[in-house]
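Numbered from 1 within each chain, the chains take letters A, B, ... in sequence-line order.
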There are 2 protein chains.
Amino acid sequence: MATISDVAKLAGLSVSTVSRVINDSPHVSEKKRNSVKSAMERLGYVPLPAARQLRGSKTNTMAVTIPRIVNPFFSYLVDAIEQKLDEAGYSTLIVQTFSKAEEELTALNLLKNQQVDGVILCSLENTWSIISDYCKYGKIILVNEYLKDVHVPIVRADQYDGFYKATNFLFDEGYSKIAYATGRKSITIMEKEANFDADRFAGFQDSLSEHKLGLNHDWLFTNAHTAEDGKNIFKMIMALDNKPDVIIAGSDEVAMGITQEAEEQKVKVPKQLGVLGVDDQPVSANLRIPLTTIRQPVNEMGQKAAETMLHLMSGESVPKVQICKLKIIKRASA
Amino acid sequence: MATISDVAKLAGLSVSTVSRVINDSPHVSEKKRNSVKSAMERLGYVPLPAARQLRGSKTNTMAVTIPRIVNPFFSYLVDAIEQKLDEAGYSTLIVQTFSKAEEELTALNLLKNQQVDGVILCSLENTWSIISDYCKYGKIILVNEYLKDVHVPIVRADQYDGFYKATNFLFDEGYSKIAYATGRKSITIMEKEANFDADRFAGFQDSLSEHKLGLNHDWLFTNAHTAEDGKNIFKMIMALDNKPDVIIAGSDEVAMGITQEAEEQKVKVPKQLGVLGVDDQPVSANLRIPLTTIRQPVNEMGQKAAETMLHLMSGESVPKVQICKLKIIKRASA
DNA sequence: TCACATCGTGAAATCGTTTCCATATCTGTA
DNA sequence: TACAGATATGGAAACGATTTCACGATGTGA
């Protein structure tokens, strides 16, 4: 492994000059610049990242936190982010949090330890007071998830609008007994905070109110994440005396579980129970019962997020909040 | 940010001693060890990775190369690898190659530049002669993909056996005109090398021969990767005078495209055309026509790969080749 | 022609660790 | 009692880059 002094020796110059060439700073004569370059070439020299980092320079690496990479929503989001960052010469470090607060801190500590220049949080496990401490170590932005009173740039989808319109859409389709499933642990939390899930729920509720309907707590399901959860939700619905005629499933995965279990039990979707997914995963169009779903603007969010981070890096100002629109994709399940 | 000397000062000891405690080397009295530990605790001290790396010690990071993270096969593979590595205290760096040789070299250069302790190649874009040069910089293993005459540990699936049995299975099901799609660029290459695709094809061919059948070149499709490719393949099949009665699709994604286009054109699957997928992606069971498919042992491979790498790290010997079995999952499409 | 700014260059300090070497203290044995 | 060997500790060099500082050469304007 050639070092900077090897290059200096070969070029008959000092390491300072070589360093200047590497970081293309001015005040180096064209002639020496070229001789350094050819020496680097000849030795196949590449600066050792660890040494540069130690001196406190940029790492050209960005961390992205997500709950789990096997969730297609996040793998596509990461993909979009990574491609944009790549174009700008940044590497991407994917950190799976598995929805654990400590794992998220791992990513934040990467910033503290100067291993990355910035962190793109697509998952939010810690309270903001904990996270904000890390802002002094580098740039942080929030993507998809969001909170009120956060002073870092946010790129997010308009969950309120999407869910409000989606609920209206269900009414238009003739449904009136609308159930609601969410990944959240409880509904009370959702009602207090101004975030992702709360906005969805608010959009849902506002549409309900406008149709002169209140909340039926029997039709609210929490902790819904997987297809398995969806199956259980379906079972719970069937056990109800007063059954909903449609359910907003919280994710395509949960929606898939619901439709699957419905089929198993010979309940017709959407006739006996409509199912509205959320995400529009690539497969959702190819399911046995193609999902009607609320498409998330994954690519748009990923690209905007990467661009925002890049602007931040070059010291440009960025919008405080960027909002992308959700879209209802009508297929067969509702 | 507290440094090692801050800790030393607070504990009233030398940096050497603190360093010994950090790396729990012997020859430190229990008393001082404790006082160092409490000093570290008090300052919230964490060793700076860049500085450790510079001194040439371990990075506790592993690179994993994959073609694309949005491909569920690879996201599950990475997931399995990451979880095992995590348990052992290693971080995982995911490198998407986008099937480009240069991107793969990026990952290998991570090894050269001491940014990772090892590389797990789940994608193989360069020739072995290029890759083997990097072995001197750290540990490399091959997962899923493989080549003949490679001197690094390999964890792979038994593609030959899987495809041989799958083809037999199709004969048992009453098919006899079997088409074959692959991601490979051409069939000639496949017949020469001893690798992933070649083994699949060999298994397919051998079963064919045993049933006294030769290859029909009209039924061989190359360059098949996406659902879109699958749709095109279906169209090409329909244009044939002598049509196959079943197709081994190369991947579930391609299989999905084929069944989708078949439905579009009112061709009954599996009655008029059977479709056999490969991978068993999580959604394959929930498609409109649930896919009969060859399941890849993703989790098993991922776990074995991580374990192998960990053994390598601790200097233990590991098997040259570890082979996991494929399994046929019978559903509705064939 | 003088004063002063700019340019080009190298020496040396610095970043935060690990590790080699030297030294001091402690053990057990002849 | 003395001495070899193990144990415990600290000092300082080393890792490979960047960056500050100093200094001579060159250019510019009055």
Side-chain angles (χ1 to χ4, degrees), chain A residues 1-37 39-40 43-61 91 109-117 137-138, chain B residues 1-40 43-61 109-117 137-138:
Chain A
M1 276 279 296
T3 72
I4 194 172
S5 14
D6 296 332
V7 176
K9 216 168 290 169
L10 182 60
L13 293 165
S14 72
V15 290
S16 329
T17 304
V18 177
S19 176
R20 286 189 191 102
V21 173
I22 295 170
N23 301 284
D24 38 39
S25 64
H27 305 318
V28 179
S29 68
E30 205 51 37
K31 197 179 135 195
K32 313 219 165 178
R33 186 181 297 274
N34 286 330
S35 92
V36 166
K37 280 190 173 160
M40 296 203 305
L43 294 172
Y45 168 78
V46 178
L48 193 71
R52 313 185 83 172
Q53 283 174 234
L54 185 54
R55 281 293 308 192
S57 59
K58 291 184 54 177
T59 65
N60 278 310
T61 302
S91 306
N109 276 316
L110 253 27
L111 200 60
K112 188 171 172 184
N113 294 335
Q114 303 164 34
Q115 298 187 84
V116 299
D117 296 337
Y137 303 117
Chain B
M1 278 277 294
T3 72
I4 194 172
S5 16
D6 296 332
V7 176
K9 216 168 289 170
L10 181 61
L13 292 165
S14 72
V15 290
S16 326
T17 305
V18 176
S19 176
R20 286 190 190 98
V21 173
I22 295 170
N23 301 284
D24 38 37
S25 62
H27 305 318
V28 178
S29 70
E30 206 51 37
K31 196 177 134 195
K32 312 219 165 175
R33 186 182 297 275
N34 286 331
S35 91
V36 166
K37 279 190 176 162
S38 76
M40 295 202 308
L43 295 172
Y45 167 78
V46 178
L48 193 71
R52 313 185 83 172
Q53 284 174 233
L54 185 54
R55 278 295 308 194
S57 59
K58 291 183 52 177
T59 65
N60 277 313
T61 302
N109 277 317
L110 253 29
L111 201 59
K112 188 171 171 185
N113 294 335
Q114 303 165 35
Q115 298 188 83
V116 299
D117 297 336
Y137 302 118

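Atom-to-atom distance recorded for Arg55(A):CZ and Leu54(B):CG is 12.0 Å, nearest 0.5 angstrom. We find the OG-CG distance between Ser19(B) and Asp24(B) to be 10.5 Å, quoted to the nearest 0.5 Å. Separation of atoms OG (Ser35(B)) and CD (Glu30(B)) is listed at 11.0 Å; rounding is to 0.5 Å.
Whole-Å rounding puts the Gln114(A) CD to dG16(C) C1' distance at 10 Å. The distance between atom CD of Gln115(A) and atom C1' of dG16(C), rounded to the nearest whole Å, is 13 Å. Atom NZ in Lys32(A) sits roughly 4 Å away from atom P in dT9(C) (whole-Å rounding). With rounding to whole Å, Leu13(B) atom CG is found 10 Å from dG10(D) atom C1'. If you measure from atom CZ of Arg52(B) to atom C1' of dC15(C), you get 16 Å, rounded to the nearest angstrom. Put simply, CZ on Arg20(A) is 10 Å from C1' on dT20(D), counting in whole angstrom units. Protein atom CG of Asn113(A) is 12 Å distant from nucleotide atom P of dG16(C), rounded to whole Å. Counting to the nearest Å, the C1' atom of dG24(D) and the NE2 atom of His27(A) are 15 Å from each other.
Of the candidates dT18(C), dA17(D), dG16(D), the closest approach to any side-chain atom of Leu54(B) belongs to dG16(D). Checked against dT17(C), dG10(C), dT19(D), the side chain of Ala51(B) finds its nearest nucleotide in dT17(C). When distances run from any side-chain atom of Arg55(B) to the nucleotides dC15(D), dA17(D), dG10(C), the shortest one goes to dC15(D). Comparing dG10(C), dC15(D), dT18(D) by their nearest atom to the side chain of Ile4(A) picks out dT18(D).
Contact check, Ser19(B) against dT17(C): no side-chain N or O comes under 4.0 Å of OP1 or OP2. OP1 or OP2 of dT9(C) sits under 4.0 Å from a side-chain N or O of Ser29(A). Checking the phosphate oxygens (OP1, OP2) of dG16(C), no side-chain nitrogen or oxygen of Thr3(B) falls inside 4.0 Å.
Side chain of Ser5(A) to main chain of Thr3(A): no donor-acceptor pair is present (N/O by atom type, distance under 3.5 Å, no hydrogens or angles).
Nucleic acid contact class of Val7(A) (heavy atoms, under 4.0 Å, all strands): none. When heavy atoms are screened at a 4.0 angstrom cut-off, Ser16(A) is found touching base atoms of the nucleic acid.
Between Val15(A) and Tyr45(B), the residue whose closest nucleotide on DNA chain C is further toward the 5' end is Val15(A).
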Before giving the answer on side chain to side chain contact (heavy atoms under 4.5 Å, CB included), spell out for Met1(A) and Leu48(A) the whole-Å C-alpha distance, their side-chain angles and the decisive distance to 0.1 Å. CA-CA 9 Å; Met1(A) 276 279 296; Leu48(A) 193 71; 4.0 Å; yes
Ile22(B) and Ile4(B): CA distance, side-chain angles, deciding distance, side chain to side chain contact (heavy atoms under 4.5 Å, CB included) verdict: CA-CA 10 Å; Ile22(B) 295 170; Ile4(B) 194 172; 3.9 Å; yes
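Annotation: the terminal axes of the helix from dT1(C)-dA30(D) to dA30(C)-dT1(D) meet at 40°, where each axis is the rotation carrying the C1' atoms of four end pairs onto the next four (5 pairs per end, rounded to 10°).
The base of dA8(D) does not come close enough to the side chain of Thr17(B) for any donor and acceptor atom to sit less than 3.5 Å apart.
Between Arg52(A) and Asn23(A) the shortest side-chain heavy-atom distance falls below 4.5 Å. Residues Arg33(A) and Val36(A) form no side-chain contact, since every pair of their non-hydrogen atoms from C-beta on lies 4.5 Å or further apart.
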